[in-house]
Amino acid sequence: MKGVPVLRMSTLFLRTLREDPADAEVPSHRLLVRAGCVRRVAPGVFSWLPLGYRVYRNVEAIVRDEMDAAGFQEVHFPALLPREPYETTGRWTEYGDTLFRLGDRKGTDYLLGPTHEEMFTLMVKQEFSSYKDLPLSIYQIQTKYRDEARPRAGILRGREFVMKDSYSFDVDDAGLQASYDAHRAAYRSTFDHLGLSYVIVSAMAGAMGGSVSEEFLAPCESGEDTFVRCTACDYAANTEAVTVPAPPQQPVAGLPAAVVADTPDTETIAALVDTANSRPDLRHPDRDWTAADTLKNVVVRLTLPDGTTEPLVVGLPGDRDVDLKRLEATVSPATVAPFEEADFAAHPALVRGYIGPGVLGTAGTSGIRYLVDPRVVTGTSWITGADEAGRHVFGLVAGRDFTPDGTVEAAEIRAGDPCPACGSPLDIARGIEIGHIFQLGRKYADALGLQVLDENGDLVTVTMGSYGIGVSRAVAAIAEQNHDDRGLIWPRSVAPADIHIVVAGKAEEIAAAAEDLAGQLEAAGLTVLLDDRTGVSAGVKFNDADLIGIPTIVIVGKALAEGNVEVKDRRSGDRHTVPAVDAVAELVALVNS
RNA sequence: CGGGGCGUAGCGUAGUGGCUAGCGCGCCUGCUUUGGGAGCAGGAGAUCGUGGGUUCGAGUCCCGCCGCCCCGACCA
């Protein structure tokens, strides 16, 4: 931001708050509100005030510059979109209540774009028809709308937000991989320049469709995504995308036959294990039974986008809970809900507390789809329900006594679980999703008929990638990672100004010296916030400066008597005196370093 | 979606069915102050989220709705 006039606190449209707003919990929300950066307008909808908007614009400019530098071309779509393209790809339905829908005066359906794959696909279809035109990567920076069930944490998860979304178009898989890699590299550079620390994790494509997908997560407590990181190798994944390593299959020959036992009042795993260990006829010959010896069968109700529902049973070791997010990610776009009384009433074959594989499976008597955890491999032996009240079966062997319809990744992931890549223990942490890159493949091109002629004159369907950066969310993520108990600490690259000058003292020479310094810094191309308020005590100004979080604070005050000013580093708190005549050179060097 | 908590001035809050809804911060005026959230005096600012109900009387009790925050969603 060269040549920007000095911002003056005396006239700035800003009111800082001395106390935390009562409705803000996470640090970024609290501090962005207190520092006068944003204000809430409606649930999940925020306005930007001057200081916050400067940060926002800096973030946006860095994103734009990086995209341009990578050779991607900027376009711009409307946020208000017609229904038809989204109907064609099925997302008018798949997006469900998350889609903001509206009608015009004639009753025609419109939507506010949650993301723009359809529009980009159609635009390329309209303009290009030859392989010679590809590869192509185009992007926009635009306001998106998603009617989130639960907006939260200020601008971390809003219903209106700004996203940079890119789309790549290639004739073949190798081209898609190259475009994907180019975006991945551009994203790394972007987040580096934004001053964010991040990890790249394997992810689930979800409703977006496609195969390969990675997320850029900014690790922090307030994050909504849980991810794992290997303590030994470089494996990292969203918990939704972690694949549980399957143990080797065991020979079934020689295993004892399954035995059904009366086990009254053992509707919970804990009660079942206690009973099994306390009864001589059920005891394990060598050791105590544990919950991991049981096969727990959890029933859920899937709701498909068209509103129809179907039951699904997930079988998993009894010491594990079902992670609904993981399950939902694998069955998307269907949603998952717990099975309720009415559901059990409709399926009498399911005996609560005693459900077992006996009746399960699409080929079983119940006809209910039965998927199991990858640990339930052929040859493993289980204690599980006998499908009769008060009875369990011991020694039921997978692959011999029952055959599930398939496996599913739905069990909770715990710290210490083995890494799927190397077997070392996994760590668990939380992060904010700041970027997501997908190899979409041909889902949208197929649905919308995006084809080009190849060098042989044959029509081929284009393969696509889609890539998003949460621009407004990045502002909040940066705030989450860069603050202390006194306020924000912006990275230099996005700070609302380069230098914050505090006029500490009422002497005219002090004000004049501060003005002079501000003018020189401005002339040198730095952006300056000058606290020139009169009648405001130095303490108030110092506190506001710490709250606002410009990385370098220059105090013009009592040191001026010796011809000095003080330069304070916001992050470290270190301060030192500098001869006023040398200040400009030092500050320019500091900012450009 | 479910459960819990909350909603009083720009912000933070007190208010136990009964007087003109109180306090701090912020804001305005004046004077004094001015290096880590100054002092004194005076002042403006509230349909107590909203709609209904109970009551002689409701910020206070009841119900609906809206909004905010937190937790939860399976234990077979």
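It should be emphasised that the depicted structure is a prediction, and the values quoted were computed from it without experimental measurement. Order of the sequence lines sets the chain letters (A, B, ...), proteins ahead of strands, with each chain counted from 1.
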Which part of the nucleic acid, if any, lies within reach of [X] when heavy atoms closer than 4.0 Å are counted: base, sugar-phosphate only, or nothing?
X        : result
A:Ala504 : base
A:Arg34  : base
A:Gly557 : base
A:Ala545 : nothing
A:Arg39  : nothing
A:Glu566 : base
A:Val502 : nothing
A:Asp20  : sugar-phosphate

Could you tell me which nucleotide pairs with [N] by Watson-Crick or G-U wobble geometry, both distances under 3.5 Å, or answer none if nothing does?
N     : result
B:G72 : B:C1
B:U50 : B:G64
B:U16 : none
B:A38 : B:U32
B:U55 : none
B:C27 : B:G43
B:A9  : none

Please report the distance, rounded to the nearest Å, between [atom1] in [X] and [atom2] in [N].
X        : N     : atom1 : atom2 : result
A:Glu409 : B:C74 : CD    : C1'   : 17 Å
A:Arg570 : B:G36 : CZ    : P     : 17 Å
A:Lys506 : B:C31 : NZ    : C1'   : 13 Å
A:Arg533 : B:G37 : CZ    : C1'   : 11 Å
A:Leu49  : B:C11 : CG    : C1'   : 14 Å

task: Can you check whether any acceptor in the base of B:G7 is under 3.5 Å from a donor in the side chain of A:Asp23, or vice versa?
output: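 For A:Asp23, whose side chain was compared with the base of B:G7, there is no donor-acceptor pair (under 3.5 Å).
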
message: What I want to check is whether an N or O donor and acceptor connect the side chain of A:Arg30 with the base of B:G12 at under 3.5 Å.
response: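 For A:Arg30, whose side chain was compared with the base of B:G12, there is no donor-acceptor pair (under 3.5 Å).
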
- request: Flag this pair as yes if the NZ/CZ of A:Arg570 is under 6.0 angstrom from the six-membered ring centre of A:Trp490 and inside a 45 degree cone about the axis; otherwise no.
  value: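 No; the conditions do not both hold, so A:Arg570 does not lie above the ring face of A:Trp490.
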
Check for a donor-acceptor pair, side chain of [X] on one end and backbone N or O of [Y] on the other, with a separation under 3.5 Å.
X        : Y        : value
A:Gln481 : A:Pro219 : yes
A:Thr239 : A:Thr226 : yes
A:Arg320 : A:Ala411 : no

query: Shortest non-hydrogen contact from A:Pro418 to A:Leu426?
result: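 A:Pro418 and A:Leu426 have their closest heavy atoms at O-CD1, 3.7 Å.
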
message: For A:Ile550 versus A:Ala497, what's the shortest heavy-atom pair and its separation?
response: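 Heavy atoms only, the tightest pair is CG2-O, 3.3 Å.
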
task: Tell me, with the steps shown, if A:Arg369 and A:Asp405 meet salt bridge (Lys or Arg N to Asp or Glu O under 4.0 Å).
output: CA-CA 7 Å; A:Arg369 196 147 63 105; A:Asp405 295 317; over 6 Å; no

task: For B:A38, take OP1 and OP2 only and decide whether either is under 4.0 Å from a side-chain N or O of A:Ser537.
output: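 Checking A:Ser537 against B:A38: at least one side-chain N or O falls below 4.0 Å of OP1 or OP2.
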
- prompt: Looking at RNA chain B, which of residues 6-18 of chain A put a heavy atom within less than 4.0 Å of it?
  reply: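 Within this stretch, A:Arg15, A:Arg18 sit under 4.0 Å of the strand.
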
query: What about the rings of A:Phe542 and A:His500, do their centers lie closer together than 6.0 Å?
result: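 No, the ring of A:Phe542 stays outside the 6.0 Å limit from the ring of A:His500, centre to centre.
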
